[in-house]
Amino acid sequence: ICECIGALAFYTATMSHLLPPDFVVRVQQDSFLGNPLLEALATEPPTAIRRNPWKQPADLPVDRPIPWSENGFFLSERPLYTLDPLFHAGSYYPQEAGSQLLDAVLKKLPLPAEPVILDLCAAPGGKSTLIASFLNNKGLLVSNEVIQSRAKILKENLTKWGATNTIVTNNDPADFARVSDTFDCIVVDAPCSGEGMFRKDHAARNEWSQNNVDLCAARQRRILMDVWESLNPGGFLVYSTCTFNTRENEENVAWFARETDAEIVRLSLPFAKPDRHETGWYALPNELDTEGFYLSVLRKPEGNVAKRKPAKNPKLQLIKDRSFTEPFITVNDLSLIQWQDYVFAVPEKFEEPAFHLHQQLRVIKLGTELGEIARKGLIPHEALALNPFIRSSNLPTIELSREQALSFLHGDTFPLEGAHGFQLMTYQNEPLGWIKHLGNRFNNLYPKEWRIRMDVK
Ligand code: SAM
């Protein structure tokens, strides 16, 4: 026994020297975490993905399903996603298993049948694509990211995921004061000290300090306060981090419930570990084979929703004559909106909130962009290619080999049989994007900023 304890102490000491010393001391003194967490952080993290239920399944080295996430799977090895055309088609999203607890939580909340959900700190889009799948193209998802460069990546990932009912905004949380009583659920996946990243990202270990934990905790409180007004009475706020300390987790939840009228919601989540105060749950790497995740659910008391006048938004116009879009889309329950020379589709039911949000916030994705209105008709947008809900099934299509698909995604042109005009490029029957065929050659319309940069030959 002594030998075993000695070996364990030696192992912990050897592995923990890579972790910040103050972090190691804190964890060792915390009976909720202790050495088992330090040992787990010294091992390789598992690889996990979440499938897109609306697209062709990719051929991935699946090990086993993630029991708490409907579309989640652990993989036996980490593939090179960049070289899989179906990754670019939005067939799946690499997402660590702990974060996928959100799926189990959303399924437990008594939300309206078509909820309006805000994902406030959303880039690069892991939680947003999960929420989009949960909504199954019903309701409305507003995904926000404050940092502009990251908001672009969020837009790309949501466009590839393919739902019609998604709006992307690029705003500071404080801006949401302009849209009070709007959301049935808000997800705040807050910027945090990232202790859950230590397992995979050694740089995160160097950035950690107790001072940074305190700064993050204060920023999280500001973010929660900023967005609370925009939650509908009776609505739910899901607060999450990927860190293990009480300051950013249990203490922030308790502080917020004290400072506001928020009620802490207690759910039964069979896989997660109740937190130190039983006000939330952890997915700990030593217990669930995850990187590390925390979440808690708060509810605003029922009350009256402030009525607002229907939004007038002179920048947007409803399109009455839709004939020019008809070859491209199957229109059902969609409002077509013109913004400058571009046309967007949003679910008819959410036309008013879409106008309102566009008026009040910096919207960078308004539903699904169908294309640009040109003299000779519509120039189709990649969002239309990637959206299985509204894209017409009669579009001219060219099925590509894997080599050709990678070359297309790289932005190349190559010899290809095909009729004149816009053609949808598919791989394993899953659309990737558009070309304009000119007879003997084609123009590659795949967006420049999405192109694969590595050598694909
Ligand atoms: N939810 C994302 C996902 O699942 O892919 C991950 C979000 S990450 C934990 C936190 C996000 O908050 C980052 O994208 C970061 O840019 C953003 N952020 C940073 N500072 C912020 C602030 N002051 N207010 C709101 N968001 C902030």
Side-chain angles (χ1 to χ4, degrees), residues 48-50 52 66 69 71-72 81 90 92-106 117-134 141-161 166 168-177 179 183 185-201 203-204 207-208 212-228 230 237-245 248-249 252 256 283 290-296 361-362 364:
I49 56 106
R50 197 170 24 74
N52 186 331
I66 299 174
S69 171
N71 299 302
Y81 300 118
Y92 58 95
Y93 190 96
Q95 185 177 41
E96 81 94 13
S99 298
Q100 299 190 40
L101 265 183
L102 181 61
D103 191 47
V105 170
L106 290 172
I117 301 184
L118 168 66
D119 185 7
L120 183 70
C121 311
K127 310 291 179 309
S128 279
T129 51
L130 184 152
I131 299 165
S133 300
F134 165 76
L141 168 62
V142 180
S143 290
N144 176 70
E145 168 58 41
V146 64
I147 298 174
Q148 195 177 9
S149 55
R150 291 176 62 82
K152 282 187 190 155
I153 297 165
L154 173 65
K155 177 179 173 179
E156 173 181 339
N157 285 330
L158 270 176
T159 302
K160 289 178 176 171
W161 206 247
T166 53
V168 177
T169 57
N170 173 211
N171 282 85
D172 188 276
D175 298 340
F176 282 81
V179 290
F183 303 103
C185 178
I186 299 179
V187 175
V188 177
D189 189 30
C192 71
S193 60
E195 294 164 2
M197 307 289 281
F198 288 177
R199 200 169 173 192
K200 94 168 161 207
D201 180 2
E207 282 159 24
W208 185 93
N212 193 35
V213 168
D214 296 341
L215 288 174
C216 287
R219 180 168 57 187
Q220 290 149 357
R221 290 180 179 198
R222 276 200 308 277
I223 293 174
L224 287 170
M225 278 299 178
D226 280 343
V227 86
W228 186 239
S230 62
L237 188 149
V238 181
Y239 173 70
S240 64
T241 70
C242 61
T243 209
F244 306 119
N245 65 76
E248 296 176 72
N249 297 336
N252 266 359
F256 191 70
T290 61
E291 286 172 23
F293 190 61
Y294 173 79
L295 66 76
S296 177
L361 299 171
R362 185 163 186 270
I364 61 167

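Ligands are counted one by one from 1 in listed order, and the atoms in each one are counted from 1 as well. Please read all numbers here as calculations on a predicted model, not as lab measurements. When reading the values below, keep in mind they use all heavy atoms of this one structure, side chains included, and skip hydrogens, waters and symmetry mates.
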J.: Hey, are R362 and N171 close enough side-chain-wise for a donor-acceptor pair under 3.5 Å?
T.: no

J.: Hey, does V146 come in under 3.5 Å of ligand 1, counting only N/O atoms on both sides?
T.: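 No.
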
J.: So V105 and F134, do their side chains get closer than 4.5 Å, heavy atoms only?
T.: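 Not in contact.
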
J.: I need the atoms of ligand 1 closer than 4.0 Å to a non-hydrogen atom of I147, numbered in the order shown.
T.: 16 (O)

J.: For the pair E145 (side chain) and A123 (backbone), establish whether a donor and an acceptor sit closer than 3.5 Å, ignoring hydrogens and angles.
T.: yes

J.: Specify side chain, backbone, both or neither for C242, according to which of its non-hydrogen atoms lie closer than 4.0 Å to ligand 1.
T.: neither

J.: Looking only at side-chain N and O atoms, does T241 offer a donor or acceptor that is under 3.5 Å from a partner on N249?
T.: yes

J.: Could you find the nearest protein heavy atom to atom 13 (C) of ligand 1 and give me its residue, atom name and distance?
T.: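 Looking at atom 13 (C) of ligand 1, the protein heavy atom closest to it is R150 NH2, 3.5 Å.
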
J.: Which residue holds the protein heavy atom closest to atom 20 (N) of ligand 1, what is that atom called, and what is the gap in Å?
T.: P191 CG, 3.8 Å

J.: Pairs of nitrogen or oxygen atoms closer than 3.5 Å, one from A190 and one from ligand 1: do any exist?
T.: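 Min N/O separation from ligand 1 is not below 3.5 Å for A190.
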
J.: If you count the atoms of ligand 1 from 1 in the order shown, which ones are under 4.0 Å from a heavy atom of P124?
T.: 5 (O)

J.: Start with the C-alpha distance between K152 and E156, add both sets of side-chain angles, then the distance that settles salt bridge (charged side-chain N to carboxylate O under 4.0 Å, His left out), and finish with yes or no.
T.: CA-CA 6 Å; K152 282 187 190 155; E156 173 181 339; over 6 Å; no

J.: Has ligand 1 got any nitrogen or oxygen that is less than 3.5 angstrom from a nitrogen or oxygen of Q95?
T.: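 Min N/O separation from ligand 1 is not below 3.5 Å for Q95.
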
J.: The criterion is salt bridge (charged side-chain N to carboxylate O under 4.0 Å, His left out); which residues satisfy it with E248, sequence neighbours excluded?
T.: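 Here no residue qualifies.
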
J.: In plain terms, say whether D189 and K127 are close enough for a salt bridge, that is, a side-chain N and a carboxylate O under 4.0 Å apart.
T.: yes

J.: Around atom 15 (C) of ligand 1, find the nearest protein heavy atom and jot down its residue, atom name and distance.
T.: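 The answer is E145 OE2, 3.6 Å.
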
J.: Once you round to the nearest 0.5 Å, how far does CG of L237 lie from CG of L118?
T.: 9.0 Å

J.: Can you tell me if S99 has a non-hydrogen atom under 4.0 Å from ligand 1?
T.: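 No; S99 lies far enough from ligand 1 that no heavy-atom distance drops under 4.0 Å.
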
J.: Should C192 be listed as contacting ligand 1, given a heavy-atom distance under 4.0 Å as the test?
T.: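 No; C192 lies far enough from ligand 1 that no heavy-atom distance drops under 4.0 Å.
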
J.: Tell me the contacting part of D189 for ligand 1: side chain, backbone, both, or neither, using a 4.0 Å heavy-atom threshold, strictly below.
T.: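 Both backbone and side chain.
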
J.: Can you name the residues that form a side-chain contact (heavy atoms from CB on, under 4.5 Å) with R219, not counting sequence neighbours?
T.: P191, C216, R222, I223

J.: In the protein, what heavy atom is nearest to atom 12 (O) of ligand 1, and what distance, to one decimal place, separates them?
T.: C121 CB, 3.4 Å

J.: Return yes or no for this condition: an N or O of A123 is under 3.5 Å from an N or O of ligand 1.
T.: yes

J.: Using heavy atoms and a threshold below 4.0 Å, how should the contact between R219 and ligand 1 be classified: side chain, backbone, both, or neither?
T.: side chain

J.: Could you identify the single nearest non-hydrogen protein atom to atom 5 (O) of ligand 1 and state the distance to 0.1 Å?
T.: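 Among all protein heavy atoms, the one nearest atom 5 (O) of ligand 1 is G126 N, 2.8 Å.
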
J.: Any idea how W228 and F256 line up, ring-wise: parallel (<30°), tilted (30 to 60°), or perpendicular (>60°)?
T.: perpendicular

J.: Less than 3.5 Å apart, any donor N or O on the side chain of N245 or E195 sitting next to an acceptor on the other?
T.: yes

J.: Which protein non-hydrogen atom lies closest to atom 25 (C) of ligand 1, naming both residue and atom, and how far is it?
T.: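 Ranked first by proximity to atom 25 (C) of ligand 1 is P173 CG, 3.5 Å.
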
J.: Measure the distance from atom 22 (C) of ligand 1 to every protein heavy atom, then report the residue, atom name and distance (to 0.1 Å) of the closest one.
T.: I223 CD1, 3.8 Å

